[in-house]
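Below you'll find the structure, written out as structure tokens, and then a few comments.
Count residues from 1 along the sequence. Every heavy atom of this structure was used, including side-chain atoms; hydrogens, water molecules and symmetry mates were not.
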Amino acid sequence: MSSADLVFTGGRIFTADAVRTQPTSVAVAGGRIVAVGNDEVLELIGPDTEVVQLNGRMLVPGFQDAHVHPVWGGLDLMRCDLSEDRTRDDYLARIGAYAAANPDLPWVLGGGWSMAVFPGGTPLASDLDRVVPDRPAFLPNRDGHGAWVNSKALELAGLTKDSPDPVDGRIERDADGNPSGTLHEGAMSLVNRYLPESSDDEVIEALLLGQKYLQSFGITAWQDAIIGAYSDAGDASPAYMAGALWWDRLRGLEQIPELVAQRERLQHGKFAATTIKIMQDGVAENFTAAMIEPYIDPHNHGGHGSGLSFVDVAILNEAVPQLDALGFQVHFHAIGDRAVRECLDAVERARQRNGLRGNRHHIAHLQVVHPDDIARFRELDVTANMQMLWAALETQMVELTLPFIGPERAAWQYPFGDLMRSGATLACGSDWSVSTPNPMAAIHVAVNRVTAPGQEDTVFDPFLPEQAIDLATALTAYTAGSAYVNGSEDSGIIAVGYVADFALLDRDPFEAPASEIGLTRIDATYIDGAAIYTRSDLAE
């Protein structure tokens, strides 16, 4: 064999393979891994070989994000980004400064605010009016399931006390019934239909900006959970991208031929749109997550119902088998236990009709899962797509979720340990820009069931520690597991013949206390054997 282009040596290699080998050296040639082992790999070092000494650091397969929104995240970075602020006054100061700095923009757009900052999770138009009085403002919250709007936006949309709630959402109202400034779920569309459309150039700029940000966390491939207009962007990216086409929940089976046509049109470069995203419910904080039993009403405000199933079960049970037969992967959003069950039931219908077709269906979020449904993931070959960062107590959960779901359902949240023990396939996604795309912060939560260092809003005890998973399992889920979901057959593990996609960690997290996992940083990110990100203080 001729000499390698690149060799990593002198430290621990986490391969994410089934046998959990522990090599110390890896060689790369032509963008592929050509040797994995120990000192014998060093024989491939030639005069032109780049040698990277690990020196106590650890090399892992490139992380893959199985549920992320890189364009939305990029647009947030380009607009009024509230993700780093923590108080109402901070939000208003940043929005006011952004509006003043951009007087010619017809709308003030951005987002990333936390529901926990506002009483009941619902900010007011009157507050926003003080800093943006002259034009409409539309600012989704960090989970994308609600938006803060000002009076100009409400006026433009013609929303008054007489405006009915849409079937898939709710207008937050004051005591007199007037819209108060927060729009939940489908009610956002009442305003965002008037937003100026992003140009193709803006979308591509946002994608490439989002991609750069993801790569700074060691992420080398991902699945965009709701794709927009990628057009030529796939050819501009070195990363593998899977795209999920949106299932319009206000339509029925007649949209399937359109989705087939979109799939054919959007195959180019390293981009493939072979997945359908079905959002089956909302979120628990605004009572739209679909629950088997009604929400608790601790303050006797008249009840909150049992949430919304956005896709009628009769349609879901026919759509999923048809999509499965056409070779689509289905990517479900399910937060509540009823939504999870409805998604599993639909996949079961597909299995009964079509048999096992290997389409790698997966359910994302999985906040509340009924214990009776845990074993069905393995039985039905449905991957658990975990947003591990969320499996910790924080103010939003303590104030806006736990009082309304009660202790029994609270104990069913984010059951990663039970899913692992059941033999389910595990994958990971961040849902950025909903939350940070940092895999090591999410892995910290999965192992410790507490928030990663530096991200705490308040110190809480570990949340359901019996549902923790070990570090090796979490790393494997964020690499090999997500590669499986993304259909990236030659990535996700470090093995001969696989693409040379790596994340170089600044330490070996197995050697330090578990409480320090979240402090791990990315020294470099490699795609096809080329360093496409190097930490700034190491670049020289």
Side-chain angles (χ1 to χ4, degrees), residues 14 16 57-77 81 83-84 112 142 206-225 237-242 364 385-392 427-447 451-455 471 474-483 485-486 488 491-492 494 499-509 516-528 530-539:
F14 183 82
R57 301 178 295 177
M58 191 167 78
L59 189 73
V60 303
F63 293 111
Q64 297 203 22
D65 196 316
H67 184 109
V68 68
H69 303 283
V71 174
W72 292 358
L75 286 171
D76 283 349
L77 294 173
D81 181 13
S83 61
E84 298 299 319
R142 71 181 188 182
L207 172 63
L208 297 180
L209 183 61
Q211 170 183 272
K212 184 177 180 180
Y213 188 63
L214 293 174
Q215 289 166 351
S216 73
F217 291 105
I219 297 167
T220 58
W222 58 81
Q223 182 167 141
D224 188 325
S237 170
Y240 175 79
M241 299 180 290
N385 187 337
M386 307 178 295
Q387 283 59 65
M388 301 190 295
L389 192 83
W390 304 350
C428 294
S430 67
D431 210 4
W432 181 66
S433 60
V434 171
S435 48
T436 176
N438 183 352
M440 295 308 301
I443 289 169
H444 180 99
V445 177
V447 174
T451 303
Q455 298 191 11
L471 175 56
L475 276 168
T476 301
Y478 229 125
T479 52
S482 293
V485 160
N486 290 340
S488 185
S491 68
I494 295 178
V499 294
D501 291 357
F502 308 115
L504 179 56
L505 310 185
D506 71 346
R507 69 196 71 191
D508 179 350
E516 298 179 6
I517 290 171
L519 298 175
T520 304
R521 300 173 69 188
I522 303 300
D523 277 357
T525 304
Y526 294 79
I527 292 181
D528 296 333
I532 46 83
Y533 165 80
T534 302
R535 212 173 82 206
S536 59
D537 55 339
L538 300 175

[atom2] on [Y] to [atom1] on [X], rounded to 0.5 Å:
| X | Y | atom1 | atom2 | answer |
| --- | --- | --- | --- | --- |
| Asp76 | Asp81 | CG | CG | 6.0 Å |
| Asp506 | Arg521 | CG | CZ | 6.5 Å |
| Ile494 | Leu59 | CD1 | CG | 4.5 Å |
| Leu389 | Ser435 | CG | OG | 5.0 Å |

Which heavy atom of [X] sits nearest a heavy atom of [Y], and at what distance?
| X | Y | answer |
| --- | --- | --- |
| Ser491 | Val499 | CB-CG2, 3.5 Å |
| Ile517 | Thr520 | O-OG1, 2.8 Å |
| Gln64 | Gly492 | NE2-N, 4.0 Å |
| Trp390 | Ser430 | CZ2-O, 4.2 Å |
| Cys428 | Asn385 | C-OD1, 3.7 Å |
| Gly518 | Ala452 | CA-CB, 4.3 Å |

Answer yes or no: is there a side-chain heavy-atom contact under 4.5 Å between [X] and [Y]?
| X | Y | result |
| --- | --- | --- |
| Gln387 | Val434 | no |
| Leu207 | Met241 | yes |
| Val485 | Gln223 | yes |
| Pro70 | Gln211 | no |
| Leu214 | Trp432 | yes |
| Phe63 | Thr220 | no |
| Met388 | Tyr478 | yes |
| Leu504 | Ile522 | no |

Has the side chain of [X] got a donor or acceptor atom that lies under 3.5 Å from a matching backbone atom of [Y]?
| X | Y | result |
| --- | --- | --- |
| Ser83 | Gly112 | no |
| Asp508 | Met58 | no |
| Asn438 | Met440 | yes |
| Ser216 | Tyr213 | yes |
| Ser482 | Thr479 | no |
| Arg507 | Leu519 | yes |
| Asp501 | Asp528 | yes |

Requested in this report: For side-chain hydrogen bond (donor to acceptor under 3.5 Å, both in side chains), just list the numbers for Asp431 and His67, CA-CA rounded to whole Å, side-chain angles, deciding distance to a tenth of an Å, and then say yes or no.
Outcome: CA-CA 5 Å; Asp431 210 4; His67 184 109; 3.1 Å; yes

Query raised in the report: Run the side chain to side chain contact (heavy atoms under 4.5 Å, CB included) check on Asp523 and Thr534 step by step: do they pass?
Result: CA-CA 6 Å; Asp523 277 357; Thr534 302; over 6 Å; no

Requested in this report: State yes or no: are the ring centers of Tyr240 and Trp222 separated by less than 6.0 Å?
Outcome: no

**Report entry** ring pair (Phe, Tyr, Trp, His ring centres under 6.0 Å) partners for Phe502, two or more places apart
**Finding:** Phe8

